[in-house]
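Only one structure is covered here, and it is reproduced in the block below.
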Amino acid sequence: MNQQLAGFAPAPVAARMENHGNHMLKVAMQTGNDLLARVGSMVAYEGFVQYEPNPPAVRQIAKDWMTGEGAPLMKCSGDGLLYLSDYGANVVVINLNGDAISVNATNLLAFDAHLTWGVERVKGLAKFAGQGLWNTKISGQGWVALTSRGKPIVVDCGGGEDETYVDPDALVAWSPNLKVKGKRSFKAQSLIGRGSGEAFQMAFSGQGIVVVQPSEDSTDRLRARG
């Protein structure tokens with residue numbers, strides 16, 4: 001039986017964050033290099049790892065989470081291996097090299113605690129989405145792990161004149177330097193989105209990427225907004 005299970009053993013550590021399969025994140029924990037992770041995402045750990053829910057660094061930004069964009073976070077510290085997941089969602093690992101990414105809070109699994117982060121309003125969308133949409137912007141040198149409901153696609157906007165249109169419920173993350181605007185289309189309501197009324201899309205243009213998940217289920221997003 002041990003031989004049959006051997007193929008599921010974790011591979012030797014090669015980086016701070018790695019995928020173990022498609023649906024689990026492996027983090028190499030080191031003292032002094034803390035991690036912020038979604039509360040409830042820990043599935044296993046080796047070594048000595050401690051957890052602190054709602055740490056001061058999170059409470060300072062909590063006032064911005066009145067928007068509903070906030071994801072409850074815990075600080076993880078110590079030495080060992082930490083395994084995280086989010087109800088079987090696909091995990092996408094990104095190594096920021098001094099750049100930045102904007103993430104929907106419901107798709108944020110974990111990131112290095114030393115990274116600069118905060119909640120920001122997506123400009124220009126209030127008239128299309130009630131009070132507007134909010135995102136978590138993360139920047140600096142370090143690791144970020146996202147989740148996707150299914151295998152995501154990464155669209156390179158290419159910097160041309162053409163725009164990339166995305167259903168907000170399918171949006172995972174995007175380059176914060178992209179220009180964003182809203183668009184309504186009654187003709188597209190049977191093709192894009194699952195809500196009632198006209199379809200609302202987000203249009204991205206400029207140099208950068210957009211990460212899109214195959215699921216358009218807005219249940220998690222609505223739950224996060226209370």
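Along the sequence shown, residues are numbered consecutively beginning with 1.
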**Prompt:** Below 4.5 Å, heavy atoms only, C-beta onward: do W117 and V103 meet side chain to side chain?
**Reply:** no

Do side-chain atoms of R38 reach the backbone of A105 as a donor and acceptor pair under 3.5 angstrom? yes

Heavy atoms of Q201 and P168 approach each other most closely as CA-CD, 4.3 Å

Rounded to the nearest 0.5 Å, the OG1 atom of T147 sits from the CG atom of D86 at a distance of 5.0 Å

Shortest non-hydrogen pair, A173 vs I101, comes out as CB-CD1, 3.8 Å

Heavy-atom side-chain contact between V211 and V92 under 4.5 Å
no

Closest heavy-atom pair, H23 versus S85, reported as atoms and distance to 0.1 Å, is O-CB, 3.4 Å

Scanning both residues in full, the closest heavy-atom pair of S139 with L96 reads CA-CD1, 4.1 Å

With sequence neighbours left out, the residues meeting ring pair (Phe, Tyr, Trp, His ring centres under 6.0 Å) with F48 are none

Can you give each donor-acceptor pair under 3.5 Å made by side-chain atoms of residues 25-33, sequence neighbours left out, with the distance rounded to 0.1 Å?
from, atom 1, to, atom 2, distance (Å)
K26, NZ, A11, O, 2.6
T31, OG1, D79, OD2, 2.3

- Query: Just by distance, do the side chain of Q213 and the backbone of V172 share a donor-acceptor pair under 3.5 Å?
  - Reply: no

d(M202 CE, D169 CG) to nearest 0.5 Å is 11.0 Å

With side chains defined as the heavy atoms from C-beta onward, is the minimum distance between S41 and M74 less than 4.5 Å?
yes

Single-linkage hydrophobic cluster, 4.5 Å side-chain cutoff, W143 and V154 together: no

Practice problem: Answer whether the closest heavy-atom distance between the side chains of L108 and L146 falls below 4.5 Å. | Solution: yes

When rounded to the nearest 0.5 Å, the distance separating OG of S205 from CG of L178 is 7.0 Å

Output for pair (L84 CG, Y45 OH), nearest 0.5 Å, gives 13.0 Å

Nearest heavy-atom contact between G142 and L115 is N-CD2, 3.7 Å

Value for SG (C157) from CH2 (W174), rounded to nearest 0.5 Å, stands at 12.0 Å

Apart from M24 itself, members of its ILVMFWY cluster (side-chain separation under 4.5 Å) are V13, V43, L81, Y83

Test your reading of the model: is there a side-chain donor-acceptor pair from N90 to the backbone of P152, 3.5 Å cut-off?
no

task = Would you check if the side chain of S175 reaches a backbone N or O of I209 as a donor-acceptor pair within less than 3.5 Å?
result = yes

When rounded to the nearest 0.5 Å, the distance separating CG of L36 from CG of L109 is 11.5 Å

query: Are N97 and Q141 linked by a side-chain donor-acceptor pair shorter than 3.5 Å?
result: yes

Side chains of L35 and D112: closer than 4.5 Å at any heavy-atom pair?
yes

Closest non-hydrogen contact found for Y51 with M42 is OH-CG, 3.4 Å

